[in-house]
Amino acid sequence: MAVTITKANLAEETATGLVLVDFWADWCAPCKMMDPILEQLETTYGDRIKFGKLNVENNQDLAMNYKVMSIPSLVLFRDGKAVEKVTGLYPKEKLAKYLDRKLATN
């Protein structure tokens with residue numbers, strides 16, 4: 001299950017390896033559509049990629065810090081550093097290919 005990311009634990013939770021953080025909000029319909037996709041991907045990649053969720057309503061400063069202007073946005077961290085961001089609703093297959101590419105360069 002994806003870990004809840006907040007200002008208090010962001011550095012610790014993203015410190016090592018690949019971490020995919022979902023920037024979302026309760027009122028966001030596309031975010032709700034992404035939830036089952038991310039859950040399925042976590043089942044597949046959970047031993048190699050950590051998954052996190054960050055509610056932008058409660059963490060607006062973090063959203064601004066990572067230049068998240070629209071949601072859903074997925075920010076990929078590698079060893080504590082945000083290296084890439086993808087925004088919008090993506091099908092499972094497209095996200096899986098993206099994650100495969102990121103793992104290959106790990």
Side-chain angles (χ1 to χ4, degrees):
M1 181 164 171
V3 64
T4 299
I5 304 290
T6 65
K7 191 174 191 171
N9 71 352
L10 176 69
E12 177 186 343
E13 294 293 344
T14 61
T16 58
L18 288 176
V19 183
L20 188 66
V21 179
D22 175 24
F23 285 71
W24 68 283
D26 283 329
W27 48 262
C28 169
C31 297
K32 291 177 183 179
M33 294 168 66
M34 279 293 289
D35 271 345
I37 294 168
L38 290 171
E39 287 173 13
Q40 291 171 24
L41 290 171
E42 186 175 8
T43 300
T44 304
Y45 294 95
D47 58 335
R48 297 169 286 163
I49 300 172
K50 182 188 259 185
F51 286 74
K53 293 184 70 62
L54 187 142
N55 186 327
V56 297
E57 288 295 309
N58 303 333
N59 299 281
Q60 291 181 2
D61 54 337
L62 288 177
M64 287 174 38
N65 189 43
Y66 292 102
K67 297 176 178 41
V68 172
M69 303 296 184
S70 58
I71 53 176
S73 283
L74 303 173
V75 177
L76 184 69
F77 288 81
R78 183 184 304 270
D79 297 326
K81 183 177 179 189
V83 293
E84 223 168 75
K85 176 180 67 174
V86 293
T87 301
L89 181 61
Y90 283 86
K92 179 183 170 187
E93 295 75 24
K94 188 172 183 178
L95 272 178
K97 285 182 183 177
Y98 170 77
L99 294 175
D100 287 339
R101 285 194 311 272
K102 298 306 156 187
L103 284 168
T105 60
N106 194 10

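Keep in mind that the numbers below use all heavy atoms, side chains included, and drop hydrogens, waters and symmetry copies.
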Can you name the closest pair of heavy atoms from [X] and [Y] and give their distance?
X: K53; Y: D22; value: NZ-OD2, 2.8 Å
X: K7; Y: N59; value: N-OD1, 3.6 Å
X: E13; Y: V19; value: O-CG2, 3.5 Å
X: L20; Y: I49; value: N-CG2, 4.1 Å
X: C31; Y: A25; value: SG-N, 3.9 Å
X: V3; Y: K50; value: CG1-CD, 4.5 Å

Out of curiosity, E42 CD to L99 CG, how far, rounded to the nearest 0.5 Å?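 The CG atom of L99 is 11.5 Å from CD of E42, to the nearest 0.5 Å.
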
Could you give the distance from CG (L103) to CZ (R48), rounded to the nearest 0.5 Å?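 So the gap between those two atoms works out to 5.5 Å.
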
Grouping I, L, V, M, F, W and Y whenever their side-chain heavy atoms are under 4.5 Å apart, do [X] and [Y] come out in a common cluster?
X: L54; Y: V83; answer: no
X: L41; Y: L18; answer: yes
X: M1; Y: L95; answer: no
X: L62; Y: V21; answer: yes
X: L89; Y: Y98; answer: yes

Suppose the criterion is ring pair (Phe, Tyr, Trp, His ring centres under 6.0 Å): which pairs have a residue in residues 35-89, not counting sequence neighbours?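 Passing the test, one end in residues 35-89: Y66-F77.
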
Do you know which of T87, I5, V68, N55 makes side-chain contact (heavy atoms from CB on, under 4.5 Å) with F23?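 Considering T87, I5, V68, N55, a side-chain contact (heavy atoms from CB on, under 4.5 Å) with F23 is found only for V68.
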
Identify which one of L76, V75, L74 satisfies the side-chain contact (heavy atoms from CB on, under 4.5 Å) criterion when paired with V86.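 Going through L76, V75, L74 one by one, the side-chain contact (heavy atoms from CB on, under 4.5 Å) with V86 is satisfied by L74 alone.
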
Is it true that a side-chain atom of K92 and a backbone atom of Q40 form a donor plus acceptor pair closer than 3.5 Å?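 No, because the side chain of K92 does not come within donor-acceptor range (under 3.5 Å) of the backbone of Q40.
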
Any sub-3.5 Å donor-acceptor pair from D79's side-chain atoms to T16's backbone N or O?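 It does not hold such a pair.
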
Is the count of non-hydrogen atoms from other residues, nucleotides or ligands lying under 6.0 Å from E57 atom CD greater than 12?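 Atom CD in E57 is packed in, count exceeds 12.
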
